[in-house]
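Input: a single structure, listed below in structure tokens.
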Amino acid sequence: MKAIIKYISSIFKALKSLFRGMAVTGHYISHPKEIITQQYPENRETLKMFDMFRGEVVLTHNERNEHRCTGCSACEVACPNGSIEIISKRIEMPDGKKKKVIDKFVYHLSMCTFCNLCILSCPTDAIKMSQDFEHAVFDRSQLTKVLNKTGSKLMEGVR
Amino acid sequence: MAETHINTISGKPLESQEYLINMGPQHPSTHGVLRLLLTLDGEIIHKVEPHLGYIHRSIEKMCEKDSYTQIVHLTDRMDYLSSHMNNEAVSLAVEQGLELEMPERVKVIRTIISELTRLSSHQLWWGVFGMDLGAITTFLYGFRDREMIIDIFEETCGARLTMNYNVPGGLMFDIHPNFQKRTKAFVAHFKQKLPEYDQLLTGNVIFELRTKGVGILSKEDAISYGVTGPSGRASGFSNDVRKHNPYSAYSQVEFKEALSEEGDSYARYKVRIQEMWESLSIIEQLIDNIPEGDYKAKTKAVIKLPKGEYYQKVETARGEFGVYIISEGGKSPYRLKFRSPGFSNLSALDHMAKGAKIGDLVVIMSTLDLVIPDIDR
Ligand code: SF4
Ligand code: SF4
């Protein structure tokens with residue numbers, strides 16, 4: 001007899017425990033304001049990442065198409081996995097002196113681990129992280145980028 | 001062990017025998033590429049042999065060519081759910097070699113973020129554990145609360161998971177002005193939501209039947225297999241590095257080490273829930289008292305460790321994580337060895353799963369909270 005009572009009460013206890021869980025779910029059905037789901041990509045316009053977000057490395061250019069990179073290769077050395085390649089060239093200055101400037105700032109997004117070490121190592125603050133996170137492309141070669149824009153040159157006064 | 005059955009037509013005895021089956025490497029409940037070779041008799045497990053190597057990246061070898069600043073980011077990719085603590089271990093080991101004393105501010109911030117990381121890891125574990133048992137709901141609840149923590153990280157250091165926020169000598173940046181506000185908002189939020197976790201899972205009859213008495217690990221076995229972290233503490237093995245060898249600001253805070261005696265899957269579950277409460281309390285004690293000062297001690301641009309051997313252990317969300325550096329005086333280590341908690345915890349799986357059913361194996365694995373890249377590095 002005792003065993004039967006124990007058995008039946010355990011069934012009720014079990015049922016109660018199930019409803020306890022269901023109550024939580026029920027609470028959220030009746031309180032849609034507490035739901036935090038975002039609709040991506042519908043909210044693309046309003047979705048803003050934090051300023052610190054490490055999206056990808058970019059070389060900042062000002063409105064006169066000038067950048068701050070002197071081609072010192074400190075970022076290339078700091079990078080743990082060779083995602084950055086600085087290809088420099090020598091150009092002749094108007095006063096006849098030769099000067100080393102960057103020819104290509106090659107950045108392999110596919111290898112980058114977003115560790116931020118390159119940004120920290122740059123003595124002239126030429127590079128920064130952009131907040132762009134939609135990196136998907138159809139071909140891997142598109143992930144190798146040349147960061148300096150065509151025709152860009154070194155900003156006055158940066159050395 | 002193998003029972004004999006009678007063939008009803010011929011009347012001759014039929015021999016049943018053990019058979020082998022692969023679980024993984026792409027099994028959803030292994031949470032990564034872990035391959036288990038099971039020796040079964042019917043549904044009863046006789047032996048579990050983990051086969052590793054599917055996600056081996058030779059991180060230790062890579063460390064031998066990287067500078068000490070670069071090594072830190074590799075540890076993100078081991079136990080990615082405890083990335084901050086892993087980073088901290090390397091940073092502390094290097095600082096130990098340089099005999100650098102960290103500013104108080106660094107210690108406190110490191111501790112707060114470590115506890116936030118532990119919380120986020122346990123939240124994810126809780127959600128996934130429910131899912132392994134067939135309850136998808138928990139997954140969504142776990143991720144809802146975890147997202148708030150991830151937002152705090154993202155705002156302060158720019159990364160969500162692979163943080164690389166510790167550098168040898170301090171922190172990469174100072175905390176964001178919103179950090180304290182957000183963390184407090186999270187603590188207040190999560191204190192209300194954590195009882196919901198109990199309501200959804202802890203008392204649930206199906207959950208209790210599937211976890212209680214499943215995968216029992218005795219204290220002696222936990223010690224001999226080196227099972228640390230919440231999994232070891234559930235067996236009564238007091239091994240909290242934060243308590244026994246306090247680092248950063250853990251000596252300044254009061255918290256209880258969550259312990260249990262039973263050693264079954266349910267105990268491991270309860271210990272983690274208890275740890276979440278403790279982490280909340282640690283954060284509350286520190287968040288209002290972040291000292292002013294530098295977020296970084298002065299270090300040379302190229303860090304060279306003096307010749308010698310350095311060991312530092314920290315408590316990650318999975319247990320004791322150790323970094324052992326042998327330096328010859330150069331700018332990268334001669335040899336670096338990681339003691340990862342997941343590897344030792346996995347080694348006890350065979351012992352725990354012997355005699356259990358396949359369905360129980362999923363529960364046992366889930367309560368060990370294995371992260372495969374941590375095991376196979
Ligand atoms: S973020 Fe790290 S991995 Fe990426 S380019 Fe910079 S240094 Fe290299
Ligand atoms: S980006 Fe900065 S560190 Fe890299 S080459 Fe240019 S100036 Fe040097």
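Residue numbers begin at 1 in each chain, while the letters A, B, ... track the order of the sequences.
- Interface remark: Thr156(B) contributes backbone atoms only to the contact with chain A (heavy atom separation under 4.5 Å).
- Using a 4.0 Å cut-off between charged nitrogen and carboxylate oxygen, Lys48(A) and Asp51(A) count as a salt-bridge pair.
- Counting heavy-atom pairs closer than 4.5 Å to chain B, the top residue among Lys13(A), Met22(A), Gln131(A), Arg20(A) is Arg20(A).
- The CG atom of Asp125(A) sits 8.5 Å away from atom OG1 of Thr60(A), with the distance rounded to the nearest 0.5 Å.
- Ranked by heavy-atom pairs under 4.5 Å with chain A, the list Arg77(B), Glu147(B), Arg160(B), Gln70(B) is led by Gln70(B).
- For an aromatic pair to be called close, the ring centres must be under 6.0 Å apart, and Phe50(A) with Phe153(B) fails this.
- Outside the 6.0 Å centre-distance limit, the rings of Tyr295(B) and Phe173(B) are not counted as a close aromatic pair.
- Here Lys270(B) does not pair with Glu262(B) in a salt bridge; the nearest charged N to carboxylate O distance is not below 4.0 Å.
- Ring geometry for Phe338(B) versus Phe321(B): interplanar angle under 30°, hence parallel rather than tilted (30 to 60°).
- No other option in Ile71(B), Thr137(B), Asn164(B) has as many heavy-atom pairs under 4.5 Å with chain A as Asn164(B).
- If you tally non-hydrogen atom pairs under 4.5 Å between each of Ala135(B), Cys157(B), Ala159(B) and chain A, the highest count goes to Cys157(B).
- Neither the backbone nor the side chain of Phe207(B) comes within less than 4.5 Å of any heavy atom in chain A.
- For the options Thr202(B), Thr162(B), Ile206(B), Asp151(B), heavy-atom pairs under 4.5 Å to chain A are most numerous at Asp151(B).
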Give the C-alpha distance, both sets of side-chain angles, the deciding distance and a yes or no for side chain to side chain donor-acceptor pair (under 3.5 Å) between Ser340(B) and Arg377(B).
CA-CA 9 Å; Ser340(B) 71; Arg377(B) 48 195 186 273; 3.0 Å; yes

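- Neither the backbone nor the side chain of Leu201(B) comes within contact range of chain A; no heavy atom of the residue lies under 4.5 Å from a heavy atom of that chain.
- Heavy atoms closer than 4.5 Å to chain A are found nowhere in Asp76(B), neither backbone nor side chain.
- For chain A, the nearby parts of Asn204(B) are the backbone and the side chain; heavy atoms of each come within less than 4.5 Å.
- No part of Met62(B) comes within reach of chain A, as not one of its non-hydrogen atoms sits under 4.5 angstrom from that chain.
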